[in-house]
Amino acid sequence: MPNNEKTTPVVGRFAPTPSGRLHLGNLMCAMLSWLSAKASGGKVLLRIEDLDAARCPFMGENTKYLLDDLAWLGLTFDGEVLWQSRRAEIYDTYFEKLNQKGLIYPCYCSRAELHAATAPHRADGAPKYDRKCLYRLRSGDPPPVGKKPAYRVQVPSEVFSFTDRLQGAYCENLERDCSDFVVRRSDGVYAYQLAVVVDDALSGVSEIVRGNDLLDSTPRQMFLQRELGFSHPVYYHIPLLTDAKGRRLSKRDGDGCMERVREVYPDPAPVIGALAAALSLIPSPERITLTQLIPLFDWSKIPRDAVKLPDGF
Ligand code: GLU
């Protein structure tokens with residue numbers, strides 16, 4: 001059944017991190033979140049993930065461009081824009097809930113220790129925490145003096161599995177494959193994993209459309225959802241956008257960067273058409289608006305693997 005025949009209207013969201021100017025891959029994600037929600041008669045929210053003030057200053061230049069690029073494309077969102085940088089007190093409450101459950105512990109390990117060549121690594125090459133600070137705490141040894149800790153959540157040796165609506169079945173044993181992860185950094189900034197779970201739940205988000213690079217974050221987020229008593233949303237992890245030859249768009253060369261796109265295309269209709277054709281929603285690139293795409297939207301047409309921009313775009 002095509003997904004635009006869903007009976008319950010979804011609450012979707014687009015949650016960009018404004019650490020640079022948007023590129024066409026981000027816009028494709030925004031467009032799919034928007035179309036999926038609108039095709040079900042639902043709503044779509046906008047959340048600015050500006051937790052890290054050093055990388056994303058509040059209402060900085062990148063954020064202004066981001067809002068302008070979304071408006072230019074015709075992406076309108078429901079309700080108020082949510083700013084993660086304004087929500088630390090809300091995250092405090094949920095951090096404390098995890099703490100009350102005995103799941104949080106301080107970690108004093110330095111970046112260098114965590115990234116040492118001898119440190120255990122996950123299958124994807126990222127360092128896997130060896131629980132040094134958990135064992136130290138249990139043994140009653142004092143923590144290092146004068147150092148501010150990050151806080152980690154202790155994960156169970158349990159398999160978290162789910163069916164991504166686009167990528168299919170995915171599972172991870174959190175202890176074996178991931179290990180305890182940071183929920184609050186040593187500078188007090190909350191980590192993405194906690195903020196995203198709290199915000200999606202409090203905003204009533206029922207459907208998450210985002211890049212495939214976040215597929216392996218989902219078991220961690222499902223664990224936090226369970227521990228905080230939230231329900232699990234439905235997930236669609238969308239593929240990467242590549243050039244016509246299947247090569248990753250290069251940020252350094254400014255490929256797909258909105259600055260360049262808008263210089264070449266002052267009008268969004270051919271840009272939307274190119275993305276819609278790359279997503280197989282229309283047979284070939286043509287001028288089209290987002291509203292015209294709503295009745296044509298169907299998840300079963302969307303490719304699972306890399307999405308190629310049309311030649312010469
Ligand atoms: N803020 C993340 C990003 O820009 C997306 C987070 C999410 O969709 O869960 O990549």
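Every heavy atom of this structure was used, including side-chain atoms; hydrogens, water molecules and symmetry mates were not. For reference, positions follow the sequence shown, starting with 1.
Residues Leu51 and Gln84 share a closest heavy-atom pair of CG-OE1, 3.3 Å. Shortest non-hydrogen contact noted between Pro239 and Arg304 is CB-O, 3.4 Å. Of all non-hydrogen atoms in Ala276 and Met31, the two that sit nearest each other are N-CE, 4.0 Å. Looking at every heavy atom in both residues, Glu49 comes nearest to Pro18 through O-CD, 3.6 Å.
The aromatic rings of Phe14 and Phe77 sit parallel to each other, their planes meeting at less than 30°, with 60° as the upper class boundary. Using a 30° and 60° split on the angle between ring planes, Trp299 and Phe297 fall in the perpendicular class, above 60°.
Look at Lys148 and Asp187 and you find no salt bridge, because none of the NZ, NE, NH1 or NH2 atoms lies under 4.0 Å from a carboxylate O.
Ala53 is linked by a side-chain contact (heavy atoms from CB on, under 4.5 Å) to nothing, counting only residues two or more places apart in sequence or in another chain.
The CG atom of Leu194 lies 10.0 Å from the CZ atom of Arg184; values are rounded to the nearest 0.5 Å.
Shown here is Glu259, whose CD atom has no more than 12 heavy atoms of other residues, nucleotides or ligands within 6.0 Å. By the 6.0 Å contact criterion, NZ on Lys132 is open, its count of non-hydrogen atoms from other residues, nucleotides or ligands being 12 or less. A 6.0 Å sphere centred on NZ of Lys128 holds more than 12 heavy atoms belonging to other residues, nucleotides or ligands.
Using modelled atom types and a 3.5 Å distance limit, the side chains of Gln221 and Gln225 yield no donor-acceptor pair. For the residue pair Tyr91 / Asp199, a side-chain donor-acceptor distance below 3.5 Å is found, with atom types taken as modelled.
Cluster membership check: Leu166 does not share its hydrophobic cluster with Leu215, using side-chain heavy-atom separations under 4.5 Å among Ile, Leu, Val, Met, Phe, Trp and Tyr.
Applying the ring-ring contact (aromatic ring centres under 6.0 Å, His included) definition to pairs two or more places apart or across chains, those involving residues 44-70 are Phe58-Trp83.
Grouping Ile, Leu, Val, Met, Phe, Trp and Tyr residues whose side-chain heavy atoms lie under 4.5 Å apart, directly or via other members, places Tyr105 in a hydrophobic cluster with Leu114, Tyr129, Leu134, Leu137.
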Val234 vs Asp164, test: side-chain contact (heavy atoms from CB on, under 4.5 Å). Steps then yes/no.
CA-CA 7 Å; Val234 160; Asp164 184 85; over 6 Å; no

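Each of Leu70, Asn26, Leu24 was checked for a side chain to side chain contact (heavy atoms under 4.5 Å, CB included) with Met258, and the lone residue meeting it is Leu24.
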